[in-house]
2 protein chains.
Amino acid sequence: MLSGGEARTEVGRGGARRRLTPEERLPQILEAALEEFAERGYGGASMAGAAARAGVAKGLIYYYFPGKAELFTAVVRSCIQPVFTEAEKLVAAHDGPYADLLQRLIRLAYQRVGEDSRDSVLFKLLLAEADRFPELGDFYRLEVLSRGLDLITSVVSAGAAAGEFRADAAEDGGLAAVLMAPVAMASVWRGMLGPERAPSLEAMCAAQTRLILSGLARPGPG
Amino acid sequence: MLSGGEARTEVGRGGARRRLTPEERLPQILEAALEEFAERGYGGASMAGAAARAGVAKGLIYYYFPGKAELFTAVVRSCIQPVFTEAEKLVAAHDGPYADLLQRLIRLAYQRVGEDSRDSVLFKLLLAEADRFPELGDFYRLEVLSRGLDLITSVVSAGAAAGEFRADAAEDGGLAAVLMAPVAMASVWRGMLGPERAPSLEAMCAAQTRLILSGLARPGPG
DNA sequence: TTGCTTATCGACCGAATGGTCAATAACTGG
DNA sequence: CCAGTTATTGACCATTCGGTCGATAAGCAA
């Protein structure tokens, strides 16, 4: 009865309405969606919630994104990509002992993990949802995992070629993953347990640096 | 209108009904719920879905569990705990060089990750949902993280005390986390990318073994 | 001002979901 | 075989949520 067919009689009389260019509104929506996703997870996040955080009507989000899934992938893309460009720049610019470079890379990575807690939360979320969104899984494989592994591999190989590291390190297929994992896991731990309860970043950074440098050194002179 | 007060006229005439003791039914429900959660995530999983997988009416789940959250924590508990008892038994029973023990522990961990893919998926899920369920976070911290770190720390310390490893390894607060992370991350990668696309477990196991053994060895004789 | 484009709103819908509850059939002990 | 206990059912409810859509106002050009 009270579901009148088109009984929509009092529409569109909303309050102050500010019209923005898409270049201004999009970041607002992405930022709000990041908060919503980080706080409630993918399944728990609601379009209405993201809209409310952005101070915007729900319908507007559908004006910018086809649906929830696309909004999520857009948020992830906009957040995780810049991390790697930084590291790659460091590698390209470096010269000197490779041990120093490796040490500096490790420190940079841990530092970055400690900086923005929302990044960690989103990273964790990415892990959790990747298998339900093929596009997300591909994105992670290509833009995060492979990129990180390649970066590490190139440094280790160069160090081995320069006689600084053990020669067999260059052909060790799993080494890069083993070197990358502690930072990734530190991020996950931070995202899930919070900065206080997760293992200390400083301690992990120091331990990994020591372990790697002595573990990769040539067994030669005492 | 058509919501008759107690118009429920034809209830309870369902088909073949098998009555089981709770000790028989509970594992069925937990197993079915594991499948459902692993496949759809926490938010995406539905009580009806879990019930259907168990071949049971939805209401029965509420007979055994107060709600969705409790069902989830029960599933996680039942799944992750047995992993550690195995490792702890290994440590308790071992004697001989600590390098061998460490090697064996690493192999056991990677092996276990490779065995049941649902465990990896659930582990990934646990990471993702821990911060929305305090009970889950505590469970992880106490029953998984601390337990693993303690195990590793005890072995490393014993090895250092026996003069097998570098003396300073025993006091390295972050070392255990760095040693534990690759296995955990390997599990996460498997859970999110699948066995084929994730970094090879064998390669990671071999690389980590090499890295650790040479990284922990006393710098002494060439 | 007029009129066109388009960013923005918010009521609405259908579907799905978590959770409840009275009815009931399967066992149990006597 | 009967009565009491309890495991099990499935219809039902309230709510939430993703997504649609017509109305509308803000800006811009003429």
Side-chain angles (χ1 to χ4, degrees), chain A residues 1-29 32-33 36-37 39-73 132-133, chain B residues 1-29 32-33 36-37 39-73 132-133:
Chain A
M1 305 314 186
L2 40 79
S3 77
E6 59 273 359
R8 238 174 280 122
T9 50
E10 316 181 332
V11 241
R13 43 177 254 284
R17 193 138 120 184
R18 225 164 41 112
R19 187 194 174 90
L20 294 182
T21 167
E23 284 79 49
E24 300 172 297
R25 184 82 349 134
L26 253 171
Q28 290 183 351
I29 294 182
E36 176 79 5
F37 281 126
E39 205 165 288
R40 319 244 268 223
Y42 180 81
S46 81
M47 295 286 122
R53 282 176 207 260
V56 137
K58 193 176 64 165
L60 189 60
I61 298 195
Y62 287 92
Y63 181 75
Y64 286 99
F65 297 95
K68 193 184 188 181
E70 290 81 5
L71 174 63
F72 182 64
T73 62
R132 252 184 307 289
F133 296 91
Chain B
M1 311 308 182
L2 42 77
S3 76
E6 59 273 359
R8 234 174 284 121
T9 52
E10 314 181 334
V11 240
R13 46 176 253 287
R17 192 140 122 184
R18 229 165 37 112
R19 188 194 172 92
L20 294 182
T21 167
E23 284 80 46
E24 299 171 299
R25 184 81 349 130
L26 255 171
Q28 289 183 351
I29 294 181
E36 176 79 5
F37 281 126
E39 207 165 287
R40 320 244 269 224
Y42 179 81
S46 80
M47 294 288 122
R53 282 177 207 261
V56 138
K58 193 177 64 167
L60 189 59
I61 297 194
Y62 288 91
Y63 181 74
Y64 287 99
F65 297 95
K68 193 184 188 180
E70 289 82 4
L71 174 62
F72 182 66
T73 62
R132 251 183 309 288
F133 297 90

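Throughout, protein chains are lettered first and strands after them, A, B, ... in sequence-line order, and every chain is numbered starting at 1. For the numbers below, each heavy atom of this structure counts, side chains included, while hydrogens, waters and symmetry mates do not.
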As a test of reading the structure: which of dC9(C), dA25(C), dG18(C) is closest to the side chain of R19(B), going by heavy atoms? dA25(C)

Spacing of K68(A) atom NZ relative to dG19(D) atom P, expressed in whole Å: 8 Å

Whole angstrom value for the distance that separates C1' of dC13(D) from OH of Y62(B): 13 Å

Any carboxylate oxygen within less than 4.0 angstrom of a Lys/Arg side-chain nitrogen, looking at E39(B) and R53(B)? yes

What's the spacing between R25(A) CZ and L60(A) CG if we round to 0.5 Å? 6.0 Å

Could you state the CD-P distance from E36(A) to dC17(D), rounded to the nearest angstrom? 9 Å

When rounded to the nearest 0.5 angstrom, what is the spacing between CD in E70(A) and CZ in F133(A)? 9.0 Å

Heavy-atom contacts under 4.0 Å between residues 39-47 of chain A and DNA chain D, which residues? A45(A), S46(A), M47(A)

How close or far is atom P of dA25(D) from atom CZ of R25(A), stated in whole angstroms? 17 Å

When the ring planes of F37(B) and Y42(B) are compared, do they come out parallel, tilted or perpendicular, using 30° and 60° as the limits? parallel

Hey, what do you get for CD (Q28(B)) to CG (L20(B)), rounding to the nearest 0.5 Å? 5.5 Å

The reported gap from CG in L26(A) to CZ in F65(A) (rounded to nearest 0.5 angstrom) is 5.0 Å

Choosing from dC9(C), dT20(C), dC12(C), which nucleotide comes nearest the side chain of V56(A)? dC9(C)

Starting from P on dT6(D), measure out to CD on E24(B) and report it in whole angstrom. 17 Å

To the nearest angstrom, how far is L71(B) atom CG from dG19(C) atom C1'? 13 Å

Going from CD on E24(B) to CD1 on I29(B), what distance comes out if it is rounded to the nearest 0.5 angstrom? 12.0 Å

Separation of L60(A) atom CG from dC21(D) atom P, in whole Å? 17 Å

What does F65(B) touch in the nucleic acid at a heavy-atom separation under 4.0 angstrom: a base, only the sugar-phosphate, or nothing? nothing

Under the 3.5 Å rule, do the base of dG19(D) and the side chain of K58(A) count as making a donor-acceptor pair? yes

Checking contacts here: which listed nucleotide (dG19(C), dG19(D), dT8(C)) is nearest the side-chain heavy atoms of L20(A)? dT8(C)

Here the distance between atom C1' of dG19(D) and atom OH of Y64(A), to the nearest Å, is 18 Å

